[in-house]
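Side chains are part of it too, since the values below use all heavy atoms of this structure and drop only hydrogens, waters and symmetry mates.
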Amino acid sequence: MIQEPAKYEEWLTTIANTRLVYNTMDELESMLDSKSIHNNGIRRCFTSQQKMRSAYRDLKVEVDLMTDGILNLDRVMFHYQKAWSFFHDNLYRRANPEQVAIELLSFCYPPFIRKGIGAKRAAIYQQIIEQDINVPFLLLLLMKSIPGYDSKDGDVNNILLQFQRIMALLQNFTGNESEFSVLPAITRAREETNKSRLMLLFHVSHT
């Protein structure tokens with residue numbers, strides 16, 4: 001487990017680099033009242049462990065407010081790293097990621113359809129269950145809707161498209177049942193005004 005002083009720097013750096021909570025660096029810098037993160041990085045902007053801890057806890061409160069207390073940023077970061085490590089080792093170069101995503105959902109969620117899945121992939125999906133790997137994170141990684149834990153790809157410029165793609169995938173998973181499109185969780189996802197990678201994770205986790 002990451003020691004507390006080190007985890008704040010690592011988690012802040014990941015949040016900044018992956019644009020997990022905010023779509024742009026400008027938004028993150030404004031929230032943390034530090035205008036030079038993009039040039040100097042986390043360590044130089046928050047020069048003590050106390051300042052890093054304070055900045056991280058501010059973000060933690062924001063995530064709590066954004067998700068009505070449902071997502072805890074500590075757990076989000078823990079599951080992000082764990083899911084990325086598993087994804088990188090087992091699913092990173094899979095062809096037809098949408099098909100793999102549907103298989104994964106079918107394997108892990110009711111009605112637990114497991115026939116017709118190749119033995120190797122079924123073994124991987126079983127590991128996901130046994131190791132408690134976060135399925136929503138894996139889904140978003142497969143669909144390239146969220147970058148790797150160590151990504152430095154920059155600002156998000158297609159978040160609306162990502163919401164649309166993921167909702168379409170989930171509708172495909174349900175067999176395009178008409179009831180799906182009017183489920184409260186789906187309606188909330190489509191009407192979300194604060195679209196971000198974090199909020200996409202939030203809606204996928206609670207669909």
Which is it for Leu200 and Ile146 under the side-chain contact (heavy atoms from CB on, under 4.5 Å) test, yes or no, and what are the steps along the way? CA-CA 9 Å; Leu200 182 55; Ile146 196 168; over 6 Å; no
Would you please test Gln50 and Arg53 for side chain to side chain donor-acceptor pair (under 3.5 Å) and show each step? CA-CA 5 Å; Gln50 183 177 3; Arg53 182 172 62 248; 5.3 Å; no
Worked check of side-chain contact (heavy atoms from CB on, under 4.5 Å) between Met77 and Leu20: CA-CA 10 Å; Met77 298 310 295; Leu20 177 64; 3.7 Å; yes
Intermediate values then yes/no, side-chain contact (heavy atoms from CB on, under 4.5 Å), Asp132 and His79: CA-CA 9 Å; Asp132 190 28; His79 284 295; 4.2 Å; yes
Residue pair Gln127, Ile133: steps toward the side-chain contact (heavy atoms from CB on, under 4.5 Å) verdict: CA-CA 8 Å; Gln127 288 180 55; Ile133 308 298; over 6 Å; no
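We find the SG-CG distance between Cys45 and Asn39 to be 8.5 Å, quoted to the nearest 0.5 Å. Interatomic distance, CG of Asp153 versus CG of Asn157, reported as 10.5 Å (0.5 Å rounding). Taking OG1 of Thr13 as the reference point, atom CZ of Phe46 lies at 10.0 Å (rounded to 0.5 Å). Rounding to the nearest 0.5 angstrom, the gap separating the NE2 atom in His203 from the CD atom in Glu191 is 10.0 Å. To the nearest 0.5 Å, the span separating CG on Asp64 from CZ on Arg57 amounts to 14.0 Å. Here CG of Leu170 is found 7.5 Å from CD1 of Ile102. Values are rounded to the nearest 0.5 Å.
Of the possible donor and acceptor atoms, one in the side chain of Asn23 sits under 3.5 Å from a partner among the backbone N and O of Lys195. Without hydrogens or angle criteria, Lys82 side chain to Gln131 main chain gives a donor-acceptor distance under 3.5 Å. Although no hydrogens or angles enter the test, the distance criterion places a donor-acceptor pair under 3.5 Å between the side chain of Ser48 and the main chain of Lys51. Side chain of Arg19 to backbone of Thr24: no donor-acceptor contact under 3.5 angstrom is found. Of the possible polar contacts, none joining the Ser85 side chain to the Gln81 backbone as a donor-acceptor pair under 3.5 Å is found. Looking at Asp68, its side chain never comes within 3.5 Å of a backbone N or O of Ile70 through a donor-acceptor pair.
Using modelled atom types and a 3.5 Å distance limit, the side chains of Gln49 and Tyr8 yield no donor-acceptor pair. Remark: the Tyr125 side chain and the Asn90 side chain contain no N/O donor-acceptor pair separated by less than 3.5 Å.
Residues Ile129 and Val135 share a hydrophobic cluster, clusters being chains of Ile/Leu/Val/Met/Phe/Trp/Tyr side chains in contact below 4.5 Å. Note: the hydrophobic cluster containing Leu160 does not contain Met143 (ILVMFWY, side chain heavy atoms under 4.5 Å, direct or indirect links). Side-chain heavy atoms closer than 4.5 Å link hydrophobic residues (I, L, V, M, F, W, Y) into clusters, and following such links, possibly through other members, connects Met25 to Met31. No path of Ile, Leu, Val, Met, Phe, Trp and Tyr side chains, each step under 4.5 Å between heavy atoms, connects Ile15 with Val61, placing them in separate hydrophobic clusters. A continuous path of ILVMFWY side-chain contacts below 4.5 Å connects Tyr109 to Leu140, so both sit in one hydrophobic cluster.
Side-chain contact between Leu12 and Leu59 is present, with at least one heavy-atom pair separated by less than 4.5 Å. Between Leu142 and Glu98, every side-chain heavy-atom pair lies at or beyond the 4.5 Å cut-off. Here the side chains of Ser196 and Tyr22 are not in contact, with every heavy-atom distance at 4.5 Å or above. Residues Phe202 and Met66 fail the side-chain proximity criterion, which asks for heavy atoms closer than 4.5 Å. Using a 4.5 Å cut-off on side-chain heavy atoms (C-beta onward), Arg197 and Pro147 make contact. Proximity of His206 to Leu71: side-chain heavy atoms (C-beta onward) are separated by under 4.5 Å at one or more points.
The environment of Lys35 atom NZ is dense: over 12 non-hydrogen atoms of other residues, nucleotides or ligands sit within 6.0 angstrom. Other residues, nucleotides and ligands place no more than 12 heavy atoms under 6.0 Å from the CZ atom of Arg43. Summarising the local packing, CG of Asp33 is surrounded by 12 or fewer heavy atoms from other residues, nucleotides or ligands at distances under 6.0 Å.
When all heavy atoms of Arg121 and Glu103 are compared, the pair lying nearest together is NE-OE1, 2.6 Å. In plain terms, the two heavy atoms of Val100 and Leu91 that are nearest each other are CG1-CD2, 4.3 Å. Contact record, Thr14 with Thr18: O-OG1, 2.6 Å, taken as the closest heavy-atom pair. Of all the heavy atoms in Ala122 and Ile117, the pair that sits closest is N-CG2, 3.8 Å. The shortest non-hydrogen separation linking Ile128 to Cys108 is CG2-SG, 4.4 Å. Taking both residues in full, the closest heavy atoms of Glu29 and Ile37 are given as OE2-N, 3.0 Å, listed atom of the first, atom of the second, then distance.
Among Phe86, Phe137, Tyr80, the one residue that satisfies the ring-ring contact (aromatic ring centres under 6.0 Å, His included) test with Tyr149 is Tyr80.
The aromatic rings of Trp11 and Tyr56 sit tilted relative to each other, their planes meeting at an angle between 30° and 60°.
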